[in-house]
Structure formats: C-alpha cells, structure tokens
A.B. asks: 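Pasting a structure here, questions to come.
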2 protein chains.
Amino acid sequence: MTDINEQIRRPGADTAPVTGAMDIAARGGPEADPALLNLVELLFFAYRDFTREPDKILEEIGFGRAHHRVLHFVNRHSGLRVADLLDILKITKQSLGRVLKQLVDEGYIMQEAGKTDRRERRLHTTARGRELAGRLARPQLSRIAHALEASGAQSQIFIEKFLGEMISEADRAQVSRLLKTGAGPRGRNGDPA
Amino acid sequence: MTDINEQIRRPGADTAPVTGAMDIAARGGPEADPALLNLVELLFFAYRDFTREPDKILEEIGFGRAHHRVLHFVNRHSGLRVADLLDILKITKQSLGRVLKQLVDEGYIMQEAGKTDRRERRLHTTARGRELAGRLARPQLSRIAHALEASGAQSQIFIEKFLGEMISEADRAQVSRLLKTGAGPRGRNGDPA
DNA sequence: CATTTATGTCAGTCATGTTGACTTACTTTG
DNA sequence: CAAAGTAAGTCAACATGACTGACATAAATG
C-alpha cells in the first residue's frame, strides 16, 4: 500500500481537523441546520435511486441517461424543437446532437419539418420510441406512486410545490408552462423560452 | 445541412407516430397519470438546479460533482470509511479513489488509521475542507430553505417522508441510520452496511 | 500460517459533457 | 431582392467521471 503512513497518523498536523470557533459560521457543515442537511442528503439518495432502474435498462441497449432524458421529453412533449430541448436540458448542441442522432438513427425519434417555419425540426417519438419511453418510465412512476402513497394523500400538493420552488426562479415560469402543456404538441405560439 | 431531407418530411413512413390503440397501456408516456409524470419532470428540474451553483464553484477550482459528494459526506459524517463511501455513492473503488486522492492531496480531507482496526482509513475534513464544504452547501441549503418556506411549514414532514420513500427499500434503513448519526463520527459499531 | 478484509493502484475503455468555428437551409427585414 | 438573423447540424479537440478486471499491500482473524 505504498506510503500511506506519510498521509495518516498525523492527527494534529497543520491540516488537522481542529474545530476553530471562528469557522463555525462559515461551515454549512455539521453546524448548519441539520434538518436542511438531511434534506440535501435525502435528495441525493432519492435521485440516485430514482435513476437506477432506468439506467439498468438503458445499459442493456447501449444507451445512457442522456438518451433517456431526450426520449422522455420528446415523448411527453411531442413536437418539441431542438432548441427547446437544449433549453430544458441545459446542455450544448453537440452533446444533444450526439444522442439525438442515435435516437433518430435507431428509429426511436422522428423529425418533421415545422409547418410554418421549415427550418425547425419538430421531434416526435415513433411507436418504438414510445415503447421504450414507457418501459423506462414505468419503474420511476411506480416508485413515485409508492412514495406518494406512503407519505399520505395530502402530501402530493406539498411535494409539487416544494419541487417547483426548488427550480431556479429564472426557469420556473418556463417549466410550469411546459408541465401545463402536458402531452400536447408544444405550440410554437406563446414564447418558447 | 447535408441530407436531412432523407430523414424528415416523411410523416406516414414505417416509423410514423401513429398512435395504435394497442400500445397505450404499455406507454407510461402521455397516457400515464399526468400528475406522476409531472413529478418525474419536477424532480429532474429540481435536481438540475439544485446542483447548478455548486457545480459552478467546483469548476473554478478544477473539481467536479464527484468531489462535492465525497467532501459533503466526509464533512457531515466525519470518520467515514472508504467502504462506507463506496456504499453510499454506489460507485466503484477506482472512481472514488481518484477524487478522494485529489481531495487528500490538496488538503481538504485527511485520513486517520482506525483505532481498533488499523487497516481502516477514517476520513475527516480539514479546516480547508470544511470551508469548501460550507461554501458548496450554502447555495443548496438556502435553496432548500426557500423552497420549504414557499411550500409551507407543514410541508417539511411530508417532503422528508416522500424523499425517504423514494429510496430503494434495500437502502432505506442504512440511510436513515446515516441521517440519524448526523454529524457525529459514524461508529464502526452497529453494522456499517 | 492461511485466509479474509480494507484499501490502494494500474491499464484501458466508454459515455457524456465542454468550447469554438463553421455550414446549410430557411425566414425576416430593410 | 439582398442582407442579416435564426434553427439546426457538424467538425475537431478535449475533460471528467464513470466502468471492468487484475493485482498489491497491510492488517486482522481463524
């Protein structure tokens, strides 16, 4: 194990974990509100497990989480444009381009020229794409359904509100617009921001 | 734009987005409970934004989200072992080893040989590590505090319950044990699973 | 002493993200 | 109509953080 002894057995060295009174305020660590810190960790664990089952399915077919995200949003919001996806996912054109191309090439997503603006590619899932999207969504939906049930019927409204408020203010309106459009083709009308 | 015309303008082709009645049940897409689907998306957006500010800070100092996760858990649960971290993060030894080594080399984390079992490395943050952990935690804590406030005082208990139930059952007990230990050194006593 | 455990490490690979510059197709505007 | 702007796609080059599998070392345990 090479030379770990150089690293350990030095409690009290210059970098030792002495707790100066001074830095307590700056910590945000153990001294911060423990309930909030617990929520930080709960969010991490919840999200970690939320993506586990779909990740496993994706791995089998050679896709990654990025494919899932694209497929999900195109499936749910049929008619989405590439620019919309970029804005939703907050990734670059290249990153999106790579996975989108694969999804198109392998017949999960199809593109259609915009009716009024033919530069646009309106994205839609194919039957094959919907099938995969459903397969990936199912474990996530049942996980959520279970968690909602276990946390009580009244909880849903609080959770929706909480998660909505976790979104950066700059994007909140955009997201709530997106959620409202539900499955319908996202109109090019109304600002697409 | 090369040959996109081969791809588009073929609504009605074999992969066309026709909606067979047959596959509706299997979809999990637009036909699934829209409230649950909204939660899927809310979770995505919330987590996306939850990690944005720390990611920016990390980028400036040449670290990534992996460093944040390690630093956070070591800071909050001082005395954690490498094996515990592997179990919490569900990543491989190599992935962890790389970021942990950097954190140790750059003086954010120190190791201490286990008192009873000297093979163990009990991990602790240094003053420098605590400072960074606090800096990274602050935007996340204030985001959560804001969201809690906006969703009402009663909401907190529901949210904790919900997020807890989102965790895979196999890990739930482990996590709640971890959360309970709060900041204290995680005893090697009691199964470490 | 042999085995198991905790940790670290090597070499190689892959997925997903990044930036910046450029092209093509099309729309809008002066 | 020509110029400017916009939507999308593409190239090259790169960084990070995951992965696998095999192996090394130190210490504990039977």
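Residue numbers start from 1 in every chain, and the chains themselves are labelled A, B, ... in the order their sequence lines are given, proteins ahead of strands.
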A.B. asks: In whole angstrom, what separates Arg81(B)'s CZ from dG8(C)'s C1'?
C.D. replies: 16 Å
A.B. asks: Any side-chain N or O of Thr92(B) below 4.0 angstrom from OP1/OP2 of dA18(D)?
C.D. replies: no
A.B. asks: According to side-chain contact (heavy atoms from CB on, under 4.5 Å), who are the partners of Glu59(A), at least two apart in sequence or on a separate chain?
C.D. replies: none
A.B. asks: With sequence neighbours excluded, what pairs up with Glu106(B) under the side-chain contact (heavy atoms from CB on, under 4.5 Å) test?
C.D. replies: Phe63(B), Gln102(B), Tyr108(B)
A.B. asks: Identify, with sequence neighbours excluded, every residue that meets side chain to side chain donor-acceptor pair (under 3.5 Å) alongside Arg172(A).
C.D. replies: none
A.B. asks: Expressed in angstrom and rounded to an integer, what is the separation of Glu120(A) atom CD from dT28(C) atom C1'?
C.D. replies: 14 Å
A.B. asks: I'd like a list of close polar pairs between nucleotides 28-30 of chain D and the protein, N/O only, cut-off under 3.5 Å.
C.D. replies:
residue : atom : partner   : partner atom : Å
dA28(D) : OP1  : Arg118(B) : N            : 3.2

A.B. asks: At less than 3.5 Å, do the side-chain atoms of Lys93(A) and the base atoms of dG9(D) form a donor-acceptor pair?
C.D. replies: yes
A.B. asks: When you measure from the side-chain N and O atoms of Gln94(A) to the phosphate of dA12(D), is any distance below 4.0 Å, counting only OP1 and OP2?
C.D. replies: no
A.B. asks: Any side-chain N or O of His67(B) less than 4.0 Å from the OP1 or OP2 oxygen of dG17(D)?
C.D. replies: yes
A.B. asks: At less than 4.0 Å, is any side-chain N or O atom of Arg98(B) found next to OP1 or OP2 of dC19(D)? Yes or no.
C.D. replies: no
A.B. asks: Which whole-number value in Å describes the distance from Leu80(A) CG to dA8(D) C1'?
C.D. replies: 14 Å
A.B. asks: From CG of Leu89(B) over to P of dC19(D), roughly how many Å is that when rounded to an integer?
C.D. replies: 10 Å
A.B. asks: Which pair of non-hydrogen atoms, one from Thr51(A) and one from Asp55(A), has the smallest distance, and what is that distance?
C.D. replies: O-CG, 2.9 Å
A.B. asks: Return the orientation label for the His72(A) and His77(A) ring planes: parallel under 30°, perpendicular over 60°, tilted otherwise.
C.D. replies: perpendicular
A.B. asks: Who are the side-chain contact (heavy atoms from CB on, under 4.5 Å) partners of Leu86(A), not counting sequence neighbours?
C.D. replies: Val82(A), Lys93(A), Leu96(A)
A.B. asks: Residues two or more places apart in sequence or in another chain: which of them pass side-chain contact (heavy atoms from CB on, under 4.5 Å) with Arg98(B)?
C.D. replies: Ser95(B)
A.B. asks: Please report the distance, rounded to the nearest Å, between CG in Asp84(B) and P in dT5(C).
C.D. replies: 16 Å
A.B. asks: Could you check which residues of residues 49-65 of chain A get a heavy atom under 4.0 Å from DNA chain C? Sort them by number, please.
C.D. replies: Gly64(A), Arg65(A)
A.B. asks: Please give, in whole Å, the distance from dA8(D) P to Ile109(A) CD1?
C.D. replies: 14 Å
A.B. asks: Sequence neighbours excluded, which residues qualify as side chain to side chain donor-acceptor pair (under 3.5 Å) partners of Glu53(B)?
C.D. replies: Arg143(B)
A.B. asks: Using atom NZ of Lys90(B) as one end and atom P of dC19(D) as the other, report the distance to the nearest whole Å.
C.D. replies: 12 Å
A.B. asks: Take Gly97(B) and Ser95(A), find for each the nucleotide of DNA chain C with the closest heavy atom, and name the residue whose nucleotide sits nearer the 5' end.
C.D. replies: Gly97(B)
A.B. asks: Check ring-ring contact (aromatic ring centres under 6.0 Å, His included) between Phe162(B) and all other residues, then give those that pass, not counting sequence neighbours.
C.D. replies: none
A.B. asks: Using whole Å, report how far CZ of Arg122(B) lies from P of dA6(C).
C.D. replies: 11 Å
